[in-house]
Structures are given as C-alpha cells and as structure tokens.
S.K.: 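Sharing a structure here in structure tokens format.
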Amino acid sequence: MTDTRPDPDALLDELKQEELAAQRGRLKIFFGACAGVGKTYAMLSAARVRQQEGCKVLVGVVETHGRKETEAQLQDLEVLPPTRIEYKGHSLAEFDLDSALARQPELILMDEFAHSNVPGSRHSKRWQDVEELLAAGIDVYTTLNVQHLESLNDVVGQITGIVVRETLPDHVFDQAAEVSLVDLPPDELLARLAAGKVYIAHQAERAVKNFFRKGNLLALRELALRRTADRVDAQMRAYRADQSIKPVWHARERLLICVGHGPGTEKLVRSGKRLAASLDADWIAVFVETPELQGLSETKRSRIMKGLKLAQELGAETTVLGGSDLASTLLAYARTRNVSKLVVGKSAGNKLQRLWRRPLLEQLSLQANDVDVYVVAHELEDEQPQTRDGFNSLLFGEASRQQQRHGYLAALLACLLTTGLASLLTPFFELSNVVMVYLLGVVLVAVRFGRGPGVLASLLAVATFDFFFVPPRMSFSVSDTQYLLTFAVMFAVALIISQLAARLRFEATIATYRERRTRALYDLGRELAGALTANQIIDTAVSRLQPLFNASIVLFTPNSNEELRAENDSHAQADLGVAQWVYDKQQPAGLGTQTLPANAMLYLPLKAPMRNRGVLAVLPEQLDQVFLPEQQRLLETCAAQIALALERVHYVEVAQDAIVAMESERLRNSVLAVISHDLRTPLTTLVGLSSILAAGQVDAAKQADIAQSIQEESLRMNHLVTNLLDMAKLQSGVQLNREWQLLDDVVGSAVRACQRSLQQHQLQIDLPAGLPVLEYDAVLIERVLVNLLENAAKYTPPGSHITLSASCEGATMRVCVQDDGPGLPAGQEQKLFDKFSRGNSESTTPGVGLGLAICRSIVEAHGGVIQAANIRPHGAAFSFTLPVRAMPALPGEEEIKA
C-alpha cells in the first residue's frame, strides 16, 4: 500500500514559513509596461479604498509628474515629509525611512520601486527600504515598469535602444505577495501622451520620437503580459504541489517531448518546436534513462545527445530523468510541470517484444487521461542491440564487461553451492523447502551482478533442481506432472526476483552516481566561495574538474586589453585563437559543437551575470565523460560557478582599489588643506607684521611685541613643517639609533622644548627613583613626549594641571601624560592616531592632525603600544609603553668584578 501521508518535516517547514510570512508585511506591486499606463493612479485608488475600510495609510513617496488626476487622488491621504540629504553641494529630497518606521502605519505607498537613493542614504536602493518596512510588519504598495526587471534589462535595451540604469533583482519581484497588472493599449497611451496627461508638451514630443514609439510599446506590453503570466503560472504550480493535485490544469499550453535513440530523433525535436511555436507554448525536451537502456550502442546514445542539444538550441528546456518505467516516469514529470501535450516518436519495438510488453504509445494512451499525446512518425531503425557502452563505464567503472563475465561465472558457482547445500538438507526437509535455497542463490546473484547473471542463475536453478532432486533423479524426465507446475512457478519467481533485484541495483547505482555529482558540485562551490584570488579559483577549478571529467583542463582569462592568456600549465595543447573566438563571441566551440568540431578540445565561455570572465578548455580522455547529457549539464554548471567566482574576486579587487583611491584622495586633500590653510595662515601673519616693521611707523615698544609675534608664528610654521617632514620620513621607514640611557634625560629635554607652550599650565613630573635603564632612540622618544605635552597644553584651558609620570609594569615601562581638561570625544580614542585626524573637526585650535600619528609610528617602531583614554571626572590620558630588557655588561666589567 502506498503511504499517502504528508511528510512531517515538510509540514513543519511550511508552518515555519507561514509564521514568518504572518510577521512580515505584504508587498503589492502595480506592474506595467511603461510610464503613463496608470500604475500610480491605480495604487492611490486602491490605497483610498483601504483607508475607507479603516486602514491607517501613509504616503511615503508618490511621483505625480504634474498629472492632475493623480494629484487629486492624494487628497485625504497623509503624506510623509521627505528628509533632506546633502550631495555635491545640493540639498536633495529623499524618503525618510526612520520617520516611516516610527509612525508604524498599516500601509505605506512607495512609488517607483527600482529608484536609486541619493548617496548617503541608509540603503542604496528603494527596494531595500521596502524590505525593511516589510520586516517591520508594514504593508507596502509600490509601482514598477517591466524595463526595470534585471532579467529583461538587456532585452528592453535591444528593443528600444535605451539602456535602463535602475534595475530590480527578479527575486524581489517574485517574492511579492501580489502583482496587479496595469495595462493600457498603445494607441490609448499615445493619445494620453499627446493630450499632455503623461509628460508636458516638449517632453511628450521628444518621448514619442524616442522611447514611446508604437513598436516599442507593443513589445514592452507583451513583455509585461508574459512576465505576469509566468508569475501566475509559477503560483499555480506551487498551489498544485501544495494541495497534491495530480490532474493537469490546462490553463496554459506546455509541451513535453520525449527524446529517444531512434533515427528520427531530430525530426521529433523539430516537429515539437513547430508545434510549440504554433501554440505559442513553452516546451520541454526530456530523456528518460531506464535499466533497459543501459545497453545502448554508441550510435544510439549519440542520437540522444544530438537530440537534446538541438532542442536546447531551439529554445527548449532540457533535462534527463531516471526511472524504471518510461511511461509512468514521463507522465509523472508531465503532471508535475502541468504539461498539456506530450509528444513522442513512433515505437520501433519488434513483434517479439510486443508479446510481453505494450508499446509506449499504448501505455501512454491507457494512463494519460489528462494529457494529450501526439505521435511523430519517422523511419524505423533496423539496428540490432549492441553491447553496452560508455554509460556503463561512467556508472559502473571501466571493468563493467569483465564484471559481467565474472557474474556469469558466479551464477554457475552459486548453482553448484546451492545444489550441494540442498543435498545436505534433502534428508530432513521436503522438496518444496529445498526450492527456497535455490531462490536465495538467485537473489544473491541478481543483486550482486545484475540482470544477465540473474536470468542464468534462474535457468540453472530449475535445471539442477529437476536433475538432482525430482524423481527420477539424475534425469530431466519427470514422473509426476505436478512437478511441471513447480518448475514453472519456480522459474517465474526466480526470474521476477532477479529482475527486481537487478532494477534495484541499477537505481541504487544511478542514485550513487547523482549523489557523487551533487557532492562534486558542493565541494567545488565551497572551495570557490573560500577563494580570495583569481589564482586560487583557477587552481581549485583545475584540481576539481580534471578527476571529475577525466580530462585535461586549461583556463583562459583576459587581460586589460581583452586578450586571453592561459593561466595554468597543461599537457593539453589548447588553441589560443579558438579560445579568443569563444571569448569574443560568447559561444562554445571545438569538440562536439557546431563550430570547429574537428578540434580535439571543447571550449566553453565562462559567462557571469555582468560579462564574460574567460574560457574553459576541456580535453576529455573519453567522450562519454563529457558528452553524456548529465555530464554536459554538470560541466556547464561547473563553468557557471567558476565564472561567478571570478567575477566576485574581480569586484572585490575593484572595491579594494576604490578604497585605496579614496584614501589616497583623502590624504591628498588633507595635505592640500594643510598647505592652503595651516601654512598659509602663519605666512600671511608674517608678511603683515614684516610689512609694518618695514614701514618704520611703530615705536620701540611695539616693535618688541611685533618681533615676538613674528617669532611665535615662525615657530608655529616650523612645527607644522617639521611634522610633515617627520611623517614623510616615518612612511619611508623608521631607522632607530638605540642607546642605553635613563628616561629622566629625555624627559628634561622634552620639558625644556615645550617651555613656551606650558607657560600657562601647571606641570607635575612624577618619575620614581630606581627606574631601569632603557634602550631607545632619545631623539624620537623626545619627539613623542613633546607632541604629547604640546597636545595637552593646546587642548586644555589655561591653568589646567598636566602630569607626566612613568612606572614599571613587568617587562615594560609605561609613560603617561594626563590632564584635567575637557577630555576626548567619545568613540574617537583610537581614531585620533590616524593621519590628519583631529578629535574635533570644528576646533579653532591650529594643527593638522599629524602629531599623534607620528607618536604611534615611533612607539611601534620601538616595540611598544600607545593608547588614549578619558579619565574621571574629566580629563584625558595618553600613555605609551617601552620594553624593558636586561642591560648588557660593559666592556671590562667582568674583569673588575673578578
């Protein structure tokens, strides 16, 4: 009995999906062919109906484009004020996502779903704003034109000659809860355009000459209708699967063509294509791999491959199915895909086969109550069945024929063993029980070695049972005619069991092979996802594909001039000219294709979503390893994964280059700002003061003040230039002049250098006695202390306390400069050490933001760490560490101690 109970795991997953969907808002898209068909008007009308039903409606974004009818629909609807975003000196209006989330409406209107937001917004695309609204449980109404769908963008560009830059991923469209098609015939749309109801006069005239030509409108309308129909068809198939509906619903014509191995395969495919075109229907070409088809000759299998390839070139969806019965497998797949018409070729079985098996057409006629069956007549083949070919090698290994021979020998051996065992059991059991021993031997042979050895074991079992155990023994004659029925039943049971066991073995082998393919794809995808460079991707692809297809692999990638080069060494002699043609034309070539089929290698373009990323060249050792239908599909899937990985790495490199360029631009702008402002200001002051002195119109007292000001500005400019030069030196590498000395000496010289800056502050020095001698560069560490002390004096008010202290902490000495000023901006403690970074960008305190960056470079060169922190109740502390090492013995010190 067939178990029709639902899968509990599937039910649990469905319940989880429904629970998640209940927590999200519902998205409804008003979909149209182009602007002007009335999408926004229809959206506003639907929203007004919802508002009248008591729903809280908020207008997030609605573009009326000056249309009076649309503006009239906005009455009585609450409109969310936009936010202003500064971009390139302009203040631009944009959707205020935070305000919309704060208001928590039940329904919000978001016009122009594919709109790109102003740089600086939280999301780059409006559909991402909508995703956040849906996640918050808010229903969304939006509008979309067909040309904004990513998958149709190139098609629309070819039709209209205009490339649409704002696109929407198709999965976002497909995940909408509802899509409402807003349609308008082209003549009516052109009339609206002429009446000024779509654009103003001069814009309408230009639009009619370019985008809004009648041919364009007809094509766009067809695309919108087809895309909507595809969505409805997918929903219907999902509903049928969810409700376990098996009968076919003829809502839309869909053809299924069964590709066989007969001589009329290509005629069958072409006839199916013509029938699909006349019905304007989708069509699918399938090949069903059954146990009976294992022994096909190379010629027949070649016909199958050519038939599937021809169907794919003519626009069909192709697939390979596995099953034990051709008719039931075809019909089961047809009902799953809601196929309305099944197209098959004329059966070519001989009369003997028809005695024990009905022809395929007759089986389909009896079982296909809800599918129309079409028969295409073709020449019947005269070939005799040949030995098994490469497919067995693919499934069972290269020793398949040898294994078959071993199977027949095993059948003989099993018969001898079961006969010996039966002779031991005969004195104790009836002959009817002895038969079971022979059946057991038949099952074991059929399971291990397949159908042929199983049939031989069945014949031998009946013969030996009759010869050795049925009276009169040692003879094939039978004294009791009742044994004839025993022989017949025994042979029938043994034959059926061997057939079932062989079929089970075949299906298990097929499942193992497909699991191996799935595992290979998983391993390849996992390793490609973890690759960080193009070389890693190439190494992974070559190492995985070579054993998988038993072939030599060569990968070609383009340089900046779109010229290919081989990325890996291989024994295969790949033709660079053929690879370049494949790359330029984005079409396969070489072995097994229509272009240069005499070439020994197969060349496949590595097509990624944005562009072609290279060429994959394959030199198979056995054609069956590449050109079987499932192997071809596997190879194409692997090529697609490699292309995606190469494109991902490319854009990672582009992003890194962009970041470097941005950082370089920021540093350049910072240096220019320093030169134009921080250096120009003291120069301007110096020029002004020197001009006053040169005029000779000041008395002696004022001359002293002016001279002091000139000195201060000169020192200030000298400090800025010194920082810039020090930073440049440190960038090129720090050369330390280490010497053993006490910290007290460098602290004293640093305090003397900062004497003018510290005049209005109270400095306290806390250096405990017994500090160890350190090995450091005195000039550079003095520079660190000077920068820290000047920073403390610069950013604290007059009269503040500044403390310079040092302490030993294990194998390090910590030096700290702290103050009781306003402290550091929260969260900026580490950023302060970046080049040209200042704690308060609006501060009027002069400086370029290089002092702390210089300190960090010097301290890290000494093997220490520098950090900043706020202290309570107020103030800031900058501290750095220096390593403490054992001081080496002085020359001659050992002799003195001795």
Side-chain angles (χ1 to χ4, degrees), residues 517 519-623 625-627 631-661:
R517 290 177 58 244
R519 170 64 63 178
L521 281 176
Y522 170 76
D523 292 339
L524 177 64
R526 181 186 59 187
E527 293 191 21
L528 290 178
L532 301 178
T533 64
N535 290 333
Q536 291 180 350
I537 292 174
I538 292 167
D539 293 341
T540 298
V542 172
S543 63
R544 285 290 178 182
L545 296 188
Q546 283 182 345
L548 181 61
F549 295 100
N550 193 21
S552 297
I553 303 295
V554 181
L555 272 168
F556 296 89
T557 58
N559 57 20
S560 58
N561 296 324
E562 299 297 312
E563 296 176 351
L564 292 184
R565 61 180 183 274
E567 294 292 347
N568 63 298
D569 295 330
S570 175
H571 298 295
Q573 297 299 320
D575 192 324
L576 182 59
V578 178
Q580 188 68 49
W581 185 91
V582 171
Y583 177 77
D584 295 335
K585 302 297 183 180
Q586 298 189 23
Q587 296 177 7
L591 185 65
T593 67
Q594 300 296 327
T595 305
L596 301 175
N599 196 293
M601 299 189 73
L602 171 63
Y603 298 82
L604 294 176
L606 298 177
K607 294 181 181 180
M610 298 304 296
R611 53 163 293 179
N612 197 358
R613 293 294 167 187
V615 173
L616 173 66
V618 182
L619 178 62
E621 295 184 7
Q622 296 179 355
L623 297 183
Q625 297 289 332
V626 174
F627 292 104
Q631 289 294 90
Q632 281 189 314
R633 191 177 298 276
L634 176 62
L635 180 60
E636 292 169 359
T637 304
C638 292
Q641 287 194 350
I642 295 170
L644 287 173
L646 288 173
E647 184 159 279
R648 172 180 59 81
V649 170
H650 168 75
Y651 281 112
V652 168
E653 294 175 353
V654 169
Q656 291 175 344
D657 292 342
I659 292 173
V660 171

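Note that the coordinates shown come from a computational prediction; the quantities given were computed from them, not determined experimentally.
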S.K.: Are the side chain of Glu621 and the backbone of Phe549 linked by a donor-acceptor contact shorter than 3.5 Å?
M.R.: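 Such a contact is absent between Glu621 side chain and Phe549 backbone.
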
S.K.: Write out all pairs satisfying side chain to side chain donor-acceptor pair (under 3.5 Å) with one or both partners inside residues 636-647, taking only residues at least two apart or from two chains.
M.R.: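 Found Arg613-Glu647.
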
S.K.: In Å and rounded to the nearest 0.5 Å, what is the CG to CZ distance from Leu548 to Arg519?
M.R.: 13.5 Å

S.K.: Output yes when a side-chain donor or acceptor of Asn568 lies under 3.5 Å from a complementary backbone atom of Ile553, and no otherwise.
M.R.: yes

S.K.: A side-chain contact here means heavy atoms from C-beta on lying under 4.5 Å apart; do Leu596 and Asp575 qualify?
M.R.: no

S.K.: Measuring from Ile642:CD1 to Leu555:CG, what's the distance to the nearest 0.5 Å?
M.R.: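 One gets 5.5 Å once the value is rounded to the nearest 0.5 Å.
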
S.K.: Under the side-chain contact (heavy atoms from CB on, under 4.5 Å) rule, what do Val582 and Leu564 come out as? Steps first, then yes or no, please.
M.R.: CA-CA 10 Å; Val582 171; Leu564 292 184; over 6 Å; no

S.K.: What is the distance from atom CD1 of Ile537 to atom CZ of Arg648, rounded to the nearest 0.5 Å?
M.R.: 5.5 Å

S.K.: Could you check if a side-chain atom of Asn612 sits within less than 4.5 angstrom of a side-chain atom of Leu606, using non-hydrogen atoms only?
M.R.: yes

S.K.: Distance from Glu563 atom CD to Tyr583 atom OH, nearest 0.5 Å?
M.R.: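 These two atoms lie 10.5 Å from each other.
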
S.K.: Quick one: CG on Leu528 to CG on Leu644, what's the gap to the nearest 0.5 Å?
M.R.: 9.5 Å

S.K.: Are the side chain of Gln536 and the backbone of Leu532 linked by a donor-acceptor contact shorter than 3.5 Å?
M.R.: yes

S.K.: Heavy-atom distance under 4.5 Å between the side chains of Cys638 and Leu616, does that happen here?
M.R.: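 Not in contact.
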
S.K.: Could you go through Met601 and Leu619, starting from their C-alpha distance and side-chain angles, then the distance that decides it, and tell me whether this counts as side-chain contact (heavy atoms from CB on, under 4.5 Å)?
M.R.: CA-CA 5 Å; Met601 299 189 73; Leu619 178 62; 3.8 Å; yes

S.K.: Rounded to the nearest 0.5 Å, how far apart are CD1 of Ile538 and OG1 of Thr533?
M.R.: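 OG1 of Thr533 is found 8.5 Å from CD1 of Ile538.
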
